[in-house]
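Take a look at the structure set out below.
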Amino acid sequence: MSASGNQRSRPSPSRWSKRRTRWLIVAVLLALAIVPEFFVTHYAHFESLGIELDARFGFYAWYSFFACGAMIAIAKLLGIFLKRRDSYYDE
Amino acid sequence: MSMHLPALQVIIPLLLAAVIFLFNNARIAYIVSVAASWLCLAIAIQLLLLVNDGSVIEYAFGGWEPPWGIAYNVDQLNAFVLVIVSGIAAIMFPFSWRSIQAEIPASLHVLFYTALLLCLAGLLGMTITGDAFNFFVLLEISSLATYTLISLGKDRRSLSAAFQYLIMGTIGGTFILLGVGLLYTLTGTLNMADLAERIGPLQASRTLQAAFAFLVVGIGLKLAMFPLHLWLPGAYATAPSVVSAFLAATATKVAVYALLRFMFGVFGADFAYGEMHVELMLVSLALVSVLFASLIALLQRGVKRMLAYSSLAQIGYMLLGIGLANVSGLTATLLHLFNHALMKGVLFLALAMVFYRTGGSSMRHMSGLGRQMPWTMAAFVVGGLSLIGVPLTVGFISKWYLILASIERGWWPVTAVILVASLIAVMYIWRVVEVAYFKERPADLPTVSEAPLSLLLPTWTLVAANIYFGINASVTTGIAQNVAQTLLGGVQ
Amino acid sequence: MQLDGFMLPPGLILILGAFILPQVEGRVRHALLLALPLLTLLMVWLIPHGSHLTLGLMEYELEPLRSSAEGRLFATVFAVAAFAGGWYALNKATLLELSAAFFYAGSAIGVTFAGDLITLFIYWELMALGSTLVLWANGKQNPRAYPASMRYLLVHLCGGVVLMAGIAGHVYATGSIAFSSMTMTDGLAKWLILAGFLVNVGAPPLSAWIADAYPEASPSGMVFLSAFTTKTAVFVLIVGFPGTEILIYIGLYMVFYGIVYGLLENNLRRLMAYSIVSQVGFMVTAVGIGTELALNGAAAHAFAHIIYKALLLMSAGSVLLMTGKRHCTDLGGLFKHMPITAIAGITGALAISAFPFTSGFVTKSLETAAAYQFAATASDPMLLVWVWFLLTAASAGSFLYVGLKFPWFVFFNKDAGLRPTDPAPHMQYAMWFFAFLCIALGVFPEALYAILPYQNDLLAQPKSYQQYTASHLLSQFQLLLFAGLAFFALLPLLKQTLTISLDVDWIYRRLFKVLGQEFTFKVGDLGGKTEAKIHGRIKRLIAHMHGPSGPRIHWPSGFMVLWVAVLLVGALGLYYLR
Amino acid sequence: MMLDFFDLYNYWVVIFLMMAGFYTLIAYDNLIKKIIGLNIFQSAVFMLYISVGKVSGGSEPIAADNIELYSNPLPHVLILTAIVVGVATTALGLALTIRIKEAYGTINENDIVQMNRDAEAEKAQEWGRE
């Protein structure tokens with residue numbers, strides 16, 4: 001709705017390339033984060049209870065991604081009901 | 001000499017009242033009154049020290065042995081109240097001189113001091129006497145003096161307030177007379193100690209019950225128990241400032257004392273609680289008065305009225321303490337007698353100084369005073385904190401015992417009411433603080449300077465007492481707990 | 001009064017200092033601002049453990065000077081926060097704010113040395129007073145601070161009232177005023193005390209006061225506010241309610257409440273306020289777990305949190321100060337113009353996200369470690385499993401809503417065209433100082449471990465305790481990096497809008513007002529004869545009772561006498577019918 | 001039953017007087033009438049005291065030979081004091097009434113209360129809502 005939002009959705013060609021580099025860096029970083037997974041063994045924190053989910057391959061990576069996605073989705077959903085104009089209480 | 005102390009306690013102010021009236025010189029009247037008040041305080045302290053071990057001093061007037069003659073009995077309870085009353089007098093009498101210059105025409109100053117001394121004599125007499133009828137007479141002496149003092153207010157409204165108080169006070173006095181009369185027909189004695197003994201076997205008597213009802217309602221009128229309080233705000237709000245201060249700090253306290261004395265000293269705790277279930281009436285009325293008066297205080301624009309209503313709420317606390325019918329509750333009541341005298345004294349004296357400088361005491365008159373009268377407003381703030389019950393002030397001590405008592409009784413809603421009322425007190429005190437410290441002084445009101453030292457000194461003596469007895473409460477709590485235990489005696 | 005040596009409660013130094021500050025000016029004041037907290041810190045460490053002072057109040061023996069390991073830890077960080085806060089505020093804050101802040105800090109330190117409930121309560125109320133004044137002091141610059149400070153005071157007074165009732169009940173039930181673990185005692189009093197503590201901790205349903213009040217303070221004011229109130233509440237929970245299960249649920253709620261509201265929030269400092277709730281939620285959860293490791297974790301996390309949150313707030317405050325903008329939507333691209341502020345902000349953001357080699361990493365992992373370590377012996381192990389998974393998710397979430405959101409929208413993103421500079425040197429120094437502490441605690445955690453309350457086998461449990469194992473480092477990196485991936489992937493969903501989010505404070509900010517209007521003006525218009533009639537009667541009654549200058553005080557004496565008759569008849573009737 | 005009633009007639013007189021006084025206090029706005037009501041009310045109590053002091057068949061309490069039974073003198077003495085108090089109250093009440101008449105121009109209490117309220121309303125108006 002705001003002006004800045006509109007500008008961001010119509011990026012200039014130069015920003016496109018910037019954005020591509022950014023994604024590239026992110027991809028490399030993520031790869032770097034996953035690669036050592038082959039060499040490191042994680043503890044299963046609740047071994048005694050028979051829960052070994054947290055010791056599976058890449059657990060922290062996908063868990064983090066989906067947890068964050070869920071939190072953003074929930075926030076977005078609640079925002080529909082909870083958001084009010086900035087000056088709501090001043091009226 | 002020392003054996004005549006109980007008599008001197010009353011006779012000094014009584015006689016000196018007549019003396020200053022004859023001299024008819026305002027300055028002499030002032031000096032003599034101050035001297036009398038200090039002398040009374042010295043005697044009261046002496047008496048308290050004498051009975052602090054739990055003994056009772058009996059003094060037979062004119063050598064007529066009780067129960068035939070009039071006896072003055074001093075025990076820890078009334079010695080404590082004597083100290084409160086004469087102590088407040090000793091602080092406020094010196095204060096009065098400058099304060100009345102601004103509020104009472106010079107021609108009436110001698111009369112003012114005469115009435116003030118008579119009022120003091122009456123209050124002290126009510127406290128010290130051990131004779132039920134003598135109590136009535138001294139009550140009327142103090143009441144008549146009080147009506148006069150109130151009518152000296154600057155505004156004509158003080159006249160109508162004094163008249164209304166006269167009507168109400170006389171009805172109260174007459175009820176007490178009636179109650180005493182019924183007791184006399186039943187037992188044939190007027191000596192309180194003697195009465196207590198003879199009442200013992202008569203618990204089921206209708207006459208006794210009627211006497212109890214009349215006495216409670218009569219004294220309830222004098223102590224402004226809800227809903228018999230309607231005379232009080234008008235009287236306190238229109239009387240000369242120093243009179244409001246003196247009455248707020250002493251008159252209702254003596255009335256509460258009288259209630260205690262009759263309930264426990266004459267009828268006995270067993271009768272009052274066991275037979276009559278007086279706690280039901282006291283607690284319900286007290287709760288209503290605490291909440292109702294606090295709320296109304298919050299809505300007032302005049303600070304004096306606000307304080308008058310807050311006094312009603314505080315009286316509610318004292319009645320609540322009695323109604324809770326346990327040692328902690330009575331301790332709270334007794335402590336609050338003392339503590340409330342200190343805090344309301346400070347608040348009303350601070351207000352009197354505001355009046356002295358600005359000629360008014362409404363919220364408007366107080367706006368912007370924080371900077372112009374820093375010491376006065378600081379005193380007000382300390383008094384206010386004490387009223388709220390902030391720790392390290394006396395207000396906390398009595399409130400603590402009251403809360404403890406309500407919990408001991410298992411009455412959590414009562415606890416809640418006490419705490420909610422404290423919150424409301426925060427709000428009404430804050431209103432004054434806000435206008436005094438955070439509002440600019442209205443352009444049409446004159447700039448004023450700090451009150452003179454002769455007014456500040458007594459006020460700050462009380463402020464110091466508020467803090468001292470808030471930190472070192474062992475003396476007051478010791479006495480109060482002792483007395484509470486003695487009063488309740490068998491009931492537990 | 002009994003005194004060993006010449007020891008006085010260290011909090012008094014700051015409280016007295018609050019009254020001295022207005023009396024001096026210029027350099028002396030600056031010197032005092034920096035020296036008094038350091039002097040306090042010295043005092044805190046000179047006092048050996050144990051109770052050193054007793055004061056009689058009523059029939060109780062107060063212990064205003066009881067030094068304990070927990071208390072010392074919190075007192076230390078409070079003194080440090082007062083020091084850095086004072087440094088940051090040096091020239092900028094009003095005198096009232098500085099005095100109030102010192103008074104506030106002193107009272108908070110007083111709480112940490114309170115050996116009994118009455119002393120605790122006294123300092124508790126002083127704290128409420130001091131913090132309200134800190135907020136109030138900003139009223140000249142920001143008129144919204146006045147009503148906000150009043151709402152703040154009201155919430156805290158209500159909390160104080162509940163606490164006092166609880167204390168009185170506790171004293172009656174146990175006969176002791178000692179402030180120690182209350183998990184053994186039972187009854188209403190215990191719950192009232194807990195409720196009183198929880199109000200200050202920002203627990204539901206009254207979490208809203210933090211985001212309502214703090215952002216209205218001045219930049220330095222909010223640094224002070226964030227440090228003390230919630231953390232003293234964590235301290236008293238650690239001492240009084242370790243292992244109270246309900247705290248686990250409350251803590252988890254706070255964690256996610258903070259994250260969700262933080263994600264929705266546009267105002268930078270409100271965002272920070274929500275993140276306080278979330279972070280304190282971690283600590284509350286740990287207190288609820290209640291093992292020694294968990295309590296150590298809560299205490300350590302509080303220690304680290306005060307420092308990195310202050311750092312974040314200094315950074316956000318500097319941005320506000322130099323640009324006058326408070327909303328994400330108005331900011332962006334400031335890295336080039338305010339590099340030092342940006343570095344401070346990023347350091348704080350990394351620390352709050354538990355990035356390895358920052359303080360947050362060291363302390364937050366103690367809490368998650370406590371969850372799985374305790375699962376083996378807990379009566380309800382599945383609860384702890386849930387706690388662990390949720391806290392792990394929340395750690396990632398922290399990175400999302402503060403660690404990335406704050407630096408991204410302020411220092412990067414699209415350039416908003418603002419050209420500020422870094423703030424005054426003393427503010428930069430204060431930020432450097434705290435940034436240094438954030439890193440130092442992360443790299444040398446042993447210093448912090450050494451002062452944690454429970455020293456038993458502290459380092460003898462490699463699996464649960466050693467942060468810097470390959471597995472732990474890797475999992476933390478993955479957690480953070482994939483949170484970052486989620487952030488950038490879902491960036492369109494995070495578009496900031498100029499809004500606020502409703503919360504429970506709606507009830508006291510809006511509902512009462514609406515109700516008031518409804519019942520004063522509208523009832524009559526609703527139609528219906530009886531309603532109008534009743535309304536008219538009520539109106540007349542109110543007009544009768546209530547004059548234009550407040551409730552009436554003048555009544556005819558006949559009316560008064562009538563009441564006498566009523567009461568007399570009532571009293572007599574009651575007695576005769578009985 | 002009837003006999004009881006007449007035996008205790010003094011109490012009925014007292015109660016009647018008392019209620020009359022009470023009624024006057026409640027129902028009349030005139031300040032003088034209020035004072036009269038107050039006097040009636042007090043007199044009722046005085047009567048009570050005096051009547052209970054009477055011992056049936058007893059003589060005046062003057063020491064004399066061959067009289068065995070005296071009425072109780074103490075209530076009479078007490079009530080003398082109470083009457084003095086009552087007179088003082090009445091005097092003060094009347095004095096106040098005079099001053100009220102001077103200050104307000106009326107002795108009707110309703111009018112006085114209304115004037116007081118109006119005065120406050122006026123002041124509130126003048127100062128505006130603050």
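On a predicted model such as this, the values are computed, not experimentally measured, just so you know. Protein chains get the first letters and strands the later ones, always in sequence-line order, with residue 1 at the start of each.
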inquiry  = Are more than 12 heavy atoms, taken from residues, nucleotides or ligands other than C:W386, located less than 6.0 Å from that residue's CH2 atom?
reply    =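 Check fails, neighbour count at 12 or below.
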
request  = Using non-hydrogen atoms and a 4.5 Å limit, figure out which bit of C:F399 sits close to chain A: side chain, backbone, both or neither.
outcome  =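 No part of C:F399 comes within 4.5 Å of chain A.
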
query = Can you say whether C:L485 sits under 4.5 Å from chain A via the side chain, the backbone, both, or neither, judging by heavy atoms?
reply =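 Both parts, heavy atoms under 4.5 Å.
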
task = Measure distances from A:I34 to the heavy atoms of chain C and classify the residue's part below 4.5 Å as side chain, backbone, both or neither.
result =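 For A:I34, heavy atoms of backbone and side chain both lie under 4.5 Å from chain C.
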
Between chain A and each of [options], count heavy-atom pairs under 4.5 Å; write down the option with the most.
| options | value |
| --- | --- |
| C:A486, C:S501, C:S475, C:A393 | C:S475 |
| C:Y401, C:Y261, C:F477 | C:Y261 |
| C:T392, C:N266, C:N267 | C:T392 |

When the side chains of residues 63-82 of chain A are checked against the rest of the protein, which donor-acceptor pairs come out under 3.5 Å, sequence neighbours left out?
| unit_1 | atom_1 | unit_2 | atom_2 | d |
| --- | --- | --- | --- | --- |
| A:Y63 | OH | C:F389 | O | 2.5 |
| A:S64 | OG | C:L479 | O | 2.5 |
| A:S64 | OG | C:A483 | N | 3.1 |
| A:K76 | NZ | C:L493 | O | 3.2 |

key: Aromatic plane relationship, C:W388 with A:Y60 - under 30° parallel, 30 to 60° tilted, over 60° perpendicular   =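 Perpendicular, since the angle between the ring planes exceeds 60°.
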
key: Under the side-chain hydrogen bond (donor to acceptor under 3.5 Å, both in side chains) test, residues paired with C:K325 that sit two or more places apart   =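 Not a single residue meets the side-chain hydrogen bond (donor to acceptor under 3.5 Å, both in side chains) criterion with C:K325.
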
